[in-house]
Amino acid sequence: MLAGIAEDKVLENILKSADELGLGDALFNALEGRASARDIVELYKAPTPLLGAVARRVTDLLTGRRVGYIVNMIMNYTNICVVGCTFCSFYRKSGHPEAYKLEAREAASQVIDAWRRYKIRQVLFQGGVDPAIPLEYYEEAFKTIKTATRGEVAIHGLSVVEIEWLSRISRMSVGEVVERLKNAGMDSVPGAGAEILSDRVRRVISPLKSSADTWISTMETIMEKGLPISATMVYGHVETLEERAEHLLKLLELQRRRGRIMAS
């Protein structure tokens with residue numbers, strides 16, 4: 001169990017309440033860091049006030065009432081994408097009247113302008129998957145941002161699927177692509193593209209994306225290169241509670257191996 005939690009009287013009382021609902025074991029296992037998929041499924045069905053009380057208390061014990069934020073902007077450099085996920089309303093095919101693609105200098109210029117105007121400290125640099133955009137595009141954009149902002153703007157850039165496609169069109173390994181992006185100024189990688197880490201679900205909602213295991217493998221390579229990541233979940237469509245649970249457990253195991261997931 002997390003340090004400082006084991007003897008906490010507030011959590012002890014919450015666990016007693018969970019026991020009355022038949023959820024005590026599942027909640028205790030979760031707090032111990034050894035929840036099974038079955039435990040997670042049970043907790044998905046738990047009353048929201050119960051889970052909220054646990055989350056509030058754990059947060060208080062770990063960080064107190066301190067909160068933080070980062071002034072951030074989103075740079076969607078293109079909406080052209082060949083992946084065509086069934087849930088996405090953002091992408092357009094090349095040649096569509098609403099399709100756009102910013103030049104690397106223009107994308108960087110908008111980030112620099114936001115830094116000057118609003119003192120942003122991070123940019124989420126992400127777009128569609130356009131095979132016509134080479135690796136050098138991102139290197140130019142990232143280096144331009146870093147130079148003009150004196151390194152004050154962190155680049156939270158590209159998703160697993162963008163990096164995998166860059167690897168494919170550049171005929172380079174994922175590791176080589178990540179190394180070049182890192183050298184150009186990329187500081188961390190967002191978790192987009194995880195969706196639900198279940199191949200059954202991925203075949204339905206995003207059949208052209210890589211498998212769940214490949215997503216994990218790519219992220220592991222990114223973390224091996226020293227870059228932290230975030231991890232997301234797109235839920236509420238065709239997945240089951242069991243598949244949500246397995247998704248969380250796969251991320252937990254990845255975190256235990258590498259320890260570089262900033263948020264999920």
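Residues Met219 and Met172 fall within the same hydrophobic cluster, defined by Ile, Leu, Val, Met, Phe, Trp and Tyr side chains chained together at heavy-atom separations under 4.5 Å. Under the 4.5 Å side-chain heavy-atom criterion for Ile, Leu, Val, Met, Phe, Trp and Tyr, Val129 and Ile133 are members of distinct hydrophobic clusters. At a threshold of 4.5 Å between side-chain heavy atoms, the hydrophobic network of Ile, Leu, Val, Met, Phe, Trp and Tyr places Val201 and Phe87 in one connected group. Val10 is connected to Val54 through a chain of hydrophobic side-chain contacts under 4.5 Å among Ile, Leu, Val, Met, Phe, Trp and Tyr, so both are in one cluster. At a threshold of 4.5 Å between side-chain heavy atoms, the hydrophobic network of Ile, Leu, Val, Met, Phe, Trp and Tyr places Trp165 and Val160 in two separate groups.
For the pair Met186 and Tyr138, the minimum side-chain heavy-atom distance is 4.5 Å or more. By the 4.5 Å heavy-atom criterion applied to side chains, Ile205 and Ile196 are not counted as neighbours. Contact annotation: the side chain of Ile155 never approaches that of Val111 to less than 4.5 Å [non-hydrogen atoms, C-beta and beyond]. Annotation: side chain of Val204 is not in contact with side chain of Thr86 (no heavy-atom distance under 4.5 Å). Taking 4.5 Å as the limit, some side-chain heavy atom of Leu15 sits within range of a side-chain heavy atom of Phe28.
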Less than 3.5 Å apart, which donor and acceptor atoms pair up between the side chains of residues 103-110 and the rest of the protein, not counting sequence neighbours?
from, atom 1, to, atom 2, distance (Å)
Arg105, NE, Glu140, OE2, 3.1
Glu106, OE2, Gln110, NE2, 2.9

Under 3.5 Å donor-acceptor pairs involving side-chain atoms of residues 62-70, not counting sequence neighbours:
from, atom 1, to, atom 2, distance (Å)
Thr63, OG1, Thr59, O, 3.1
Arg65, NE, Asp60, OD1, 3.4
Arg65, NH2, Asp60, OD2, 3.4
Arg66, NE, Thr63, O, 3.1

Would you give me the side-chain donor-acceptor pairs under 3.5 Å for residues 229-239, sequence neighbours excluded?
from, atom 1, to, atom 2, distance (Å)
Ser230, OG, Gly191, N, 3.0
Thr232, OG1, Gly191, O, 2.9
His237, ND1, Glu239, OE1, 3.4
His237, NE2, Val234, O, 2.5
Glu239, OE1, Gly236, N, 3.2
Glu239, OE1, His237, N, 3.0
Glu239, OE2, Gly236, N, 2.8
Glu239, OE2, Arg244, NE, 2.7
Glu239, OE2, Arg244, NH2, 3.0

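Within a 6.0 Å sphere centred on CZ of Arg34, heavy atoms belonging to other residues, nucleotides or ligands number more than 12. The environment of CG in Leu208 is crowded: more than 12 heavy-atom neighbours from other residues, nucleotides or ligands sit within 6.0 Å. The number of heavy-atom neighbours closer than 6.0 Å to CG of Asp25, taken from other residues, nucleotides and ligands shown, is 12 or below.
Residue pairs meeting the salt bridge (Lys or Arg N to Asp or Glu O under 4.0 Å) criterion with at least one member in residues 175-192, sequence neighbours excluded, are Glu136-Arg180, Glu139-Arg180, Lys146-Asp187, Glu179-Lys225. For residues 206-218, every residue pair satisfying the salt bridge (Lys or Arg N to Asp or Glu O under 4.0 Å) rule, not counting sequence neighbours, is listed here: Glu195-Lys209.
Residues passing the ring-ring contact (aromatic ring centres under 6.0 Å, His included) test with Tyr137, sequence neighbours excluded: Tyr77.
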Self-check item: Criterion side chain to side chain contact (heavy atoms under 4.5 Å, CB included) on Thr214 and Glu164, from CA distance to verdict
Solution: CA-CA 10 Å; Thr214 301; Glu164 287 172 349; 3.5 Å; yes
### Message
For a side chain to side chain contact (heavy atoms under 4.5 Å, CB included) check, start with the C-alpha distance between Ile120 and Thr149, then their side-chain angles and the critical distance, and finish with the verdict.
### Response
CA-CA 10 Å; Ile120 67 165; Thr149 65; over 6 Å; no
- request: Apply the test side chain to side chain contact (heavy atoms under 4.5 Å, CB included) to residues Val58 and Leu31: give CA-CA distance (whole Å), side-chain angles for both, the deciding distance (0.1 Å), then the verdict.
  value: CA-CA 9 Å; Val58 170; Leu31 288 170; 3.9 Å; yes
key: Pair Glu253-Arg256, salt bridge (Lys or Arg N to Asp or Glu O under 4.0 Å): steps then yes or no   = CA-CA 5 Å; Glu253 289 306 312; Arg256 284 173 171 162; 3.0 Å; yes
- [ ] Would you check, one step at a time, whether the test side chain to side chain contact (heavy atoms under 4.5 Å, CB included) holds for Val189 with Val178?
- [x] CA-CA 10 Å; Val189 174; Val178 172; over 6 Å; no
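The structure places CG of Leu158 at 7.5 Å from CD of Gln126, a figure rounded to the nearest 0.5 Å. With values rounded to the nearest 0.5 angstrom, Arg92 atom CZ is found 11.5 Å from Thr78 atom OG1. The line from CG of Leu254 to CE of Met223 is 4.5 Å long, rounded to the nearest 0.5 Å. One distance of note links CG of Asn79 with OH of Tyr100; it measures 5.0 Å at 0.5 Å rounding. Considering CZ of Arg258 and OG1 of Thr221, their distance stands at 8.5 Å, rounded to 0.5 Å. Summarising the geometry, atom CG belonging to Leu181 is positioned 10.0 Å from atom CD belonging to Glu162; distances are rounded to the nearest 0.5 Å.
Across Leu124 and Pro190, no two heavy atoms sit closer than the pair CD1-CG, 3.7 Å. Nearest heavy atom pair, residue Cys81 against residue Gly84, reads SG-N, 4.4 Å. When every heavy atom of Pro228 is checked against every heavy atom of Met262, the shortest pair comes out as CB-CG, 3.7 Å. The nearest pair of heavy atoms linking Leu23 to Pro47 is CD1-CD, 4.1 Å. Residues Val177 and Ser167 share a closest heavy-atom pair of CG2-CA, 3.7 Å. For the pair Leu249 and Ala37, the tightest heavy-atom approach, listed with the atom from each and the gap, is CD1-N, 3.6 Å.
Tested against Ser198, the residues Glu242, Arg203, Glu243, Glu246 include a single side-chain hydrogen bond (donor to acceptor under 3.5 Å, both in side chains) partner, Glu243.
Side-chain contact annotation: Glu20 with Ser17, donor-acceptor N/O pair under 3.5 Å absent.
No side-chain donor-acceptor contact under 3.5 Å links Gln122 to the backbone of Val71.
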